[in-house]
Amino acid sequence: MVAEPISTTKERQGTARSARQRVFSGIQPSGNFHLGNYLGAIRNWVRQQDEYDNFFCIVDLHALSLPITAEAMRSNILNLASVLLASGLTPEKSVIFVQSDVHEHAELCWLLNSVTQFGELRRMTQFKDKAGNNVEGISAALFDYPVLMAADIILYDANLVPVGEDQKQHLELTRDVATRFNQRYGETFVIPEPDIKETGARIMSLDDPTKKMSKSSANPASYIALSDTPDVIRKKIKRAVTDSGTEIRATPDKPALTNLLTIFSLVADEQIQVLEERYDGKGYGQFKSDLAEATVQAIQPIQERLAEFEAHPNEVRAILARGAAQARAVAAPKMAKVKSRMGLGSGA
Ligand code: TYM
């Protein structure tokens, strides 16, 4: 979570990058960045930034799969870029860019459609969840969404994809599609591995520990948004549902406490077991109030840096423009290779 002040960020060096494993991950600019996004994904991106050759993408084309106005899209993209920078991603260590600035993503998606089966996409649980009872009325983009995600990843020959648990099935599909392409056209793509952490990969709703924390929830008390004030965070945690009994333990019969202990462990950087011992015999009141303070402590510095980035939108835009140029430098030659493998184009 150590963000460079904007004034000192400089273009990172391209050299020693190639020896490192490549990481690619993405996040949708659909508004309401929440604690689940942070703990399940972004925090890990930031922590692992030094180890890998990183590409982090604001996936605006994915966000088109549900209705969104142009104004909302524009402001969500800039806001999310500021959030990522405020969370500690830095252009010195990561290529940070917007998906639609690199046209090869959409282009590769179409090519991969030809090696993806209708049945594979119909089985995606996230598609089934989001489509609900309205399969006839949803956009074709929502259906094709996982193919675009596969394109994002394999366009960069990513080795590792750090995501939350909800993306696991999409990663499996990505591997299947890439493997099928390689079998049909010859070795072209690296087969990526998911990087899903044991703790925090599935942060649950505060009002219902059987549902994942989600920005699409109708109840704002179910999630902690990065934009929540300390008082709102305290209120939401105080109201979070608990399990029957009084013990503060992370056990399968205590899904609500398991979730709160998981959040506590990540925001305070302490082992769940240590927290269980500390709160042994203590009531929920003390536990929740300490958890709320630890969460505020983790979020506040990000909010402060966010305000700084928001005051300098042109600097953020410049970082995204440089990121897009760096991404294109990898994506363009890869697409040329893919098209040639598939016999596409005039050959001119
Ligand atoms: P998105 O925008 O829904 O979420 C961004 C990241 O946050 C994680 N996440 C969670 N982790 C833990 N607990 C939760 N409750 C929770 N909610 C969300 C997600 O798993 C994700 O890692 N399809 C992707 C975006 C995408 C992508 C990609 C990701 C597009 N192309 C290529 C990786 C690689 C999505 O909608 O994430």
Side-chain angles (χ1 to χ4, degrees), residues 1-3 25 33-52 83-84 86-89 162-166 195-213 221-306:
M1 300 213 300
V2 270
S25 201
F33 180 90
H34 59 76
L35 197 61
N37 297 131
Y38 179 67
L39 298 179
I42 284 55
R43 180 176 177 271
N44 300 323
W45 302 358
V46 172
R47 292 188 151 213
Q48 299 179 165
Q49 237 179 156
D50 287 323
E51 281 170 64
Y52 300 111
V83 167
L84 297 180
S87 298
L89 289 184
V163 281
E165 177 77 30
D166 61 343
D195 173 16
I196 298 174
K197 305 294 180 207
E198 223 171 277
T199 307
R202 198 169 169 79
I203 300 295
M204 309 309 277
S205 288
L206 298 179
D207 63 342
D208 179 355
T210 63
K211 290 198 196 122
K212 72 166 185 170
M213 187 177 281
S222 71
Y223 58 82
I224 291 174
L226 183 68
S227 52
D228 284 344
T229 62
D231 273 347
V232 169
I233 294 172
R234 289 185 190 107
K235 274 196 199 113
K236 286 184 176 178
I237 291 183
K238 201 170 168 191
R239 272 199 242 131
V241 298
T242 47
D243 306 291
S244 54
T246 53
E247 283 200 317
I248 296 166
R249 296 236 162 255
T251 49
D253 60 326
K254 291 186 179 296
L257 264 300
T258 302
N259 189 42
L260 296 180
L261 277 162
T262 301
I263 294 173
F264 205 156
S265 147
L266 293 168
V267 294
D269 241 328
E270 293 195 88
Q271 298 287 325
I272 289 183
Q273 207 195 328
V274 171
L275 295 168
E276 285 176 330
E277 282 162 19
R278 183 176 313 149
Y279 292 98
D280 188 24
K282 302 216 170 85
Y284 286 158
Q286 184 63 47
F287 171 72
K288 279 183 163 181
S289 128
D290 292 353
L291 167 59
E293 290 321 307
T295 307
V296 168
Q297 293 292 317
I299 287 185
Q300 239 173 1
I302 302 177
Q303 291 177 332
E304 282 162 21
R305 286 193 297 263
L306 180 59

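Everything quoted here is computed from the prediction, not taken from an experiment. Numbers for residues simply follow the sequence, beginning at 1.
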Nearest-0.5 Å distance that lies between atom CG in Leu84 and atom CG in Leu306: 10.0 Å
Glu51 atom CD, neighbour heavy-atom count above 12 within 6.0 Å: yes
Over all atoms of both residues, closest heavy-atom pair of Asn44 and Leu39: ND2-O, 3.8 Å
Pairwise distance CD(Gln286) to CG(Asp290) - rounded to 0.5 angstrom: 4.5 Å
Residue list, ring-ring contact (aromatic ring centres under 6.0 Å, His included) with Phe287, at least two apart or on another chain: Phe264, Tyr279
Check: Thr229/Asp231 side-chain N/O donor and acceptor closer than 3.5 Å: no
Lys212 side chain vs Arg202 backbone, donor-acceptor pair below 3.5 Å: no
Ala201 to Ile196 - nearest heavy-atom pair and separation: CB-CG2, 3.5 Å
Heavy-atom pair with the smallest gap, counting every atom of Ser25 and Trp45: OG-CZ2, 3.2 Å
Arg234 vs Thr295 side-chain heavy atoms within contact, under 4.5 Å: no
Any donor-acceptor N/O pair, Asn259 side chain to Ala256 backbone, under 3.5 Å: no
Between NZ on residue Lys197 and CD on residue Gln48, distance to nearest 0.5 Å: 3.5 Å
Val46 versus Ser87, closest heavy-atom pair with distance: CG2-O, 3.4 Å
Minimum heavy-atom distance between His34 and Met213, given as atom pair plus value: CE1-O, 3.4 Å
Criterion side-chain contact (heavy atoms from CB on, under 4.5 Å) on Ile248 and Leu261, from CA distance to verdict: CA-CA 8 Å; Ile248 296 166; Leu261 277 162; 4.1 Å; yes
Min side-chain heavy-atom separation Val241-Pro209 under 4.5 Å: yes
Gln271 backbone acceptor or donor facing Ser265 side chain under 3.5 Å: no
Candidate list Ile224, Leu226, Ile302, test side-chain contact (heavy atoms from CB on, under 4.5 Å), partner Tyr38, passing option: Ile302
Donor-acceptor contact present, side-chain Lys238 to main-chain Lys288, <3.5 Å: no
Any donor-acceptor pair under 3.5 Å from Arg43 side chain to Gly200 backbone: no
Evaluation steps, side-chain contact (heavy atoms from CB on, under 4.5 Å), between Leu206 and Arg239: CA-CA 8 Å; Leu206 298 179; Arg239 272 199 242 131; over 6 Å; no
Working for side-chain contact (heavy atoms from CB on, under 4.5 Å), residues Leu275 and Leu291: CA-CA 10 Å; Leu275 295 168; Leu291 167 59; over 6 Å; no
Sidechain-backbone polar pair: Glu276 side chain, Ala250 backbone, donor-acceptor under 3.5 Å: yes
Lys254 backbone acceptor or donor facing Glu247 side chain under 3.5 Å: no
Value rounded to 0.5 Å, distance of CD1 in Ile203 from CG in Leu260: 10.0 Å
Between CG on residue Leu35 and NZ on residue Lys236, distance to nearest 0.5 Å: 10.0 Å
Minimum-distance pair of heavy atoms, taken over all atoms of Leu257 and Asp243: N-OD2, 2.8 Å
Atom NZ of Lys282 with >12 non-hydrogen neighbours under 6.0 angstrom: yes
